[in-house]
Amino acid sequence: MDLFKLVVAVGLCAASYSVNAEVTPEEKLWVEQALSEINSNTDDANVLWQYSQQTVMPDMTRIEQFNGSLSETERWILVSENGRAPDNERLKEYRQDQQDLNENKDEDSHELAFADLIDVSTLAFVGEDDVSVAFTFVPNIDELDNDALTGVLYLDKTSKQLRKVSITNTDELNPAFSVTLTKFELELGFDVFDGLVMPASTSTVISGTAAIFKSLDSIQTVTYRDYKMLDKPKK
């Protein structure tokens, strides 16, 4: 599924929990099952979806529609930018952008794979409140120094389904030559749609510089809605 095009970063949601590093086999199983569920639900080989995506940046609000039953070059449709429907020239440019993305996804570097993002062996139980059970973990992002990152994963206390993943930096990051990130934040939100747990939102924040003078500051929020299941999961 083309959800979660990998954009670096998000706000670590602070919560008041007492720290307890012990993770029981049952708690580890909760997390593994929650991650397996979301991976299965977003896998084109298992279930196809149609949904709308709203991306909000400081200078742009873009609405797109996705249809997993179409070919990879036709799945995305540009609906509007800053409240205006695109003209033919913009639509042509958009289709070319989608084609370029498809041709350059050799290693799926623009997609976020949950199984790879979260190192389950590093889980530490943080605590729980009335609605959530929380665990810290060491992220696994190839392009970054994972020793300078920290993550928190939240499960619904009753259903044990994934509700939120937050990652933030604890030190400066240098993902490429002459590039320094002083702030890196990524938050992924999940909810139940059509009976299945699916992405509900992503929030990314970056502050940094390239070649000393060029600013890399970026803020972006993406909301997913209007889910419609086109092909039910195989049993």
Side-chain angles (χ1 to χ4, degrees), residues 1-13 38 41-42 44 48-105 108-112 141 143 163-169 173 175-176 179-194 198-211 213-230:
M1 192 171 191
D2 286 351
L3 280 170
F4 294 143
K5 297 173 183 176
L6 187 53
V7 237
V8 267
V10 97
L12 180 62
C13 194
I38 188 66
N41 294 348
T42 57
D44 279 349
L48 296 178
W49 292 92
Q50 176 179 300
Y51 62 89
S52 64
Q53 171 178 300
Q54 177 176 280
T55 303
V56 178
M57 297 172 282
D59 60 347
M60 173 66 71
T61 296
R62 177 181 295 120
I63 297 178
E64 300 162 278
Q65 289 183 340
F66 175 87
N67 187 325
S69 67
L70 301 178
S71 67
E72 292 190 348
T73 57
E74 298 178 331
R75 291 181 167 190
W76 287 98
I77 297 174
L78 179 60
V79 177
S80 67
E81 291 180 319
N82 289 336
R84 296 182 178 181
D87 57 23
N88 289 336
E89 183 177 351
R90 176 64 183 118
L91 286 175
K92 182 179 179 180
E93 180 183 45
Y94 180 82
R95 284 192 292 269
Q96 184 61 53
D97 290 342
Q98 293 302 312
Q99 183 175 335
D100 292 343
L101 277 174
N102 185 56
E103 291 175 352
N104 295 324
K105 58 185 287 187
D108 290 333
S109 58
H110 68 290
E111 295 182 0
L112 188 62
I141 303 176
E143 294 80 3
R163 283 295 174 265
K164 182 164 59 179
V165 174
S166 297
I167 296 174
T168 190
N169 66 310
L173 298 166
V179 174
T180 299
L181 302 183
T182 56
K183 186 174 185 178
F184 174 96
E185 299 179 338
L186 169 64
E187 182 172 294
L188 313 175
F190 304 86
D191 210 336
V192 178
F193 301 92
D194 219 346
M198 291 293 291
S201 63
T202 69
S203 173
T204 66
V205 179
I206 297 173
S207 291
T209 57
F213 300 111
K214 183 178 180 181
S215 173
L216 294 178
D217 293 359
S218 174
I219 299 174
Q220 177 174 291
T221 301
V222 182
T223 304
Y224 309 97
R225 54 170 64 96
D226 302 326
Y227 276 100
K228 179 182 179 182
M229 193 184 301
L230 303 176

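Since the model is a prediction, treat every value here as computed from it, not as a measurement. Numbers here are sequence positions counted from 1.
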Run the salt bridge (Lys or Arg N to Asp or Glu O under 4.0 Å) test against Glu93 and tell me which residues pass, sequence neighbours left out.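 Partners of Glu93 by the salt bridge (Lys or Arg N to Asp or Glu O under 4.0 Å) criterion, ordered by chain and then number, come out as Arg90.
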Testing the basics here: between [X] and [Y], what is the closest heavy-atom pair and its distance to 0.1 Å?
{"X": "Gly208", "Y": "Asp217", "answer": "N-OD1, 3.2 Å"}
{"X": "Leu91", "Y": "Leu78", "answer": "CD2-O, 4.1 Å"}
{"X": "Phe190", "Y": "Lys164", "answer": "CD1-N, 4.0 Å"}
{"X": "Met198", "Y": "Trp49", "answer": "CE-NE1, 3.4 Å"}
{"X": "Tyr224", "Y": "Thr202", "answer": "OH-CG2, 3.6 Å"}

Any side-chain heavy-atom pair of [X] and [Y] under 4.5 Å:
{"X": "Val222", "Y": "Met57", "value": "no"}
{"X": "Glu74", "Y": "Gln98", "value": "no"}
{"X": "Ile38", "Y": "Pro199", "value": "yes"}
{"X": "Met60", "Y": "Thr55", "value": "no"}

Just wondering, more than 12 heavy atoms not from Asn88 lying within 6.0 Å of its CG?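 Open: at most 12 neighbouring heavy atoms sit under 6.0 Å from CG of Asn88.
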Partners meeting side-chain hydrogen bond (donor to acceptor under 3.5 Å, both in side chains) with Ser69 (sequence neighbours left out):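 Per chain and number, Ser69 pairs via side-chain hydrogen bond (donor to acceptor under 3.5 Å, both in side chains) with Asn67.
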Between Asp226 and Gln53, does a side-chain contact (heavy atoms from CB on, under 4.5 Å) hold up when you go through it step by step? CA-CA 9 Å; Asp226 302 326; Gln53 171 178 300; over 6 Å; no
Spell out, as yes or no, whether a donor-acceptor pair under 3.5 Å connects the side chain of [X] to the backbone of [Y].
{"X": "Trp76", "Y": "Tyr94", "result": "no"}
{"X": "Asn169", "Y": "Phe184", "result": "yes"}
{"X": "Ser52", "Y": "Arg225", "result": "yes"}
{"X": "Arg75", "Y": "Leu70", "result": "yes"}
{"X": "Thr182", "Y": "Ser207", "result": "yes"}

Could you tell me the separation between the [atom1] atom of [X] and the [atom2] atom of [Y], rounded to the nearest 0.5 Å?
{"X": "Asp97", "Y": "Gln99", "atom1": "CG", "atom2": "CD", "value": "10.0 Å"}
{"X": "Glu81", "Y": "Asp59", "atom1": "CD", "atom2": "CG", "value": "10.5 Å"}
{"X": "Glu64", "Y": "Tyr51", "atom1": "CD", "atom2": "OH", "value": "9.0 Å"}
{"X": "Leu188", "Y": "Ser203", "atom1": "CG", "atom2": "OG", "value": "9.5 Å"}
{"X": "Gln65", "Y": "Ser80", "atom1": "CD", "atom2": "OG", "value": "9.5 Å"}

What pairs with Lys228 under side chain to side chain contact (heavy atoms under 4.5 Å, CB included), at least two apart in sequence or on another chain?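 Per chain and number, Lys228 pairs via side chain to side chain contact (heavy atoms under 4.5 Å, CB included) with Gln50, Leu230.
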Test Arg95 against Thr73 for side-chain contact (heavy atoms from CB on, under 4.5 Å), laying out the working first. CA-CA 7 Å; Arg95 284 192 292 269; Thr73 57; over 6 Å; no
Is the Tyr227 ring parallel, tilted or perpendicular to the Phe193 ring (thresholds 30°, 60°)?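 The arrangement is tilted - the two ring planes meet at 30° to 60°.
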